[in-house]
Amino acid sequence: APAAAPAAGGAAAGGEIKIAILAPLSGPVPTFGLSTKEGATLAVKEWNDKGGVLGKKIVAIVEDSQCTPDPAVNAANKVINQDKVKYIVGEVCSKASIPVSEIANEKKVVQISGTSTNPSVVRDAAGKVKPFTFVACFNDDTQGKVIAKFAKENIKAKTAFIMLDQANDYVKGLAEYFEKYFTADGGTIVGKETYTSKDTDFSTVLAKIAEAKPDVVVLPDYYNIVNLVTKQAKEKGITAPFIGGDGWDSPDLDPKAADGGFFTNHYSPTEDREKVKTFVKNYGEAYKNDKGEPKTPDALAALAYDATNILIEAISKAGEDDATKVADTIAKGKFEAVSGSITFDEFHTPIKPVTVIAVKDGKVTFNSQVMP
Ligand code: PHE
């Protein structure tokens, strides 16, 4: 019998390519995991519908990495050693992506995180780029700069109070970058207090904020903590606006508690751009909420979708299922993504505009876009 021609358009003929998706499906921030899983698997499905990549079907292996170092490391070891993957999308949280990056680079497995913004995800302790790790997002140096600028120029803040969880690389880093840019621009930090991710009662810190009367309170943590703190702040009568970063982005952010606040983010689903409109439409068709309505993709979903597409497009352009060649192709490539046009700097990080979102009257709405 004649050799089978490569399948065009339909089911791929020649085997499969596995991609691992490490997502925090359980643990403190489950909406981050669900959105990531949905965004990444939508990208895989769209490629498979067009015939896969390199004539092979793409198989997504989703693991629950919990936004926590140990489970993330276990998941990375499992997919590399057992499933033999050469490509990982994830994690979401910087503190989980950092230990995963160590394994990925040791095993020469390509890692692309959509959303881990801490600079140490892509840089080693000596400040050198990790050859196999990439992110599809701006980093916290950029994000901290924009938060500081927004505080000064839009909120007209002269003083700021910072709250932080020092055990969270993302929170700690973003707080530091905010302080650096805010003070360089003449702002004053009137208080800085730490808490832990296990805390549920923030009254001691909030009493200090009430006393210090800052123009703005900086809380660069995830939505679960933001909900608790802003609710208790309102109960205490604190009126200074709270500001934070991408970690606030969740359908489970409590908009009543966080009312009057602002946060930076990677994209807005209401942006009038073809790539965004198509993605929002396809995502809404693929995924429904509890009431059966189309879900609106948050930034986690958009960036997981972008990260997965960048990876698969690079496999396609590299022309070979080879991790080293794929990493090289990502580093040199240009990608049209939902979150904007992406090229990578020497630290495997895109230069992209930052979106500012306002929490007002029970809703989160686009406020502005800042090119840092
Ligand atoms: N940037 C966060 C981190 O590095 C993760 C995150 C991204 C959370 C986008 C929400 C939205 O830990």
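Just follow the structure's listing: the first ligand is 1, and inside any ligand the first atom is 1.
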Q) Given the rule that I, L, V, M, F, W and Y join up when any side-chain heavy atoms are under 4.5 Å apart, are Val216 and Val356 in one cluster? A) yes
Q. Looking only at atom types and distance, does a side-chain atom of Ser65 sit under 3.5 Å from a main-chain N or O of Cys67, one as donor and one as acceptor?
A. no
Q) How long is the gap from OG on Ser35 to OH on Tyr283, to the nearest 0.5 Å? A) 4.5 Å
Q. Hey, which residues fall under 4.0 Å of ligand 1 on heavy atoms?
A. Phe32, Val92, Cys93, Ser94, Thr115, Ser116, Thr117, Tyr170, Tyr222, Asp246, Gly247, His266, Leu300
Q. Should the pair Glu63-Lys78 be classified as a salt bridge under the 4.0 Å nitrogen-to-oxygen rule?
A. yes
Q: May I ask you to check if Lys317 and Phe335 form a cation-pi contact, with NZ or CZ under 6.0 angstrom from the six-membered ring centre and within 45° of the axis?
A: yes
Q: Output yes when Asp272 and Lys277 qualify as a salt bridge under the 4.0 Å nitrogen-oxygen rule, no when they do not.
A: yes
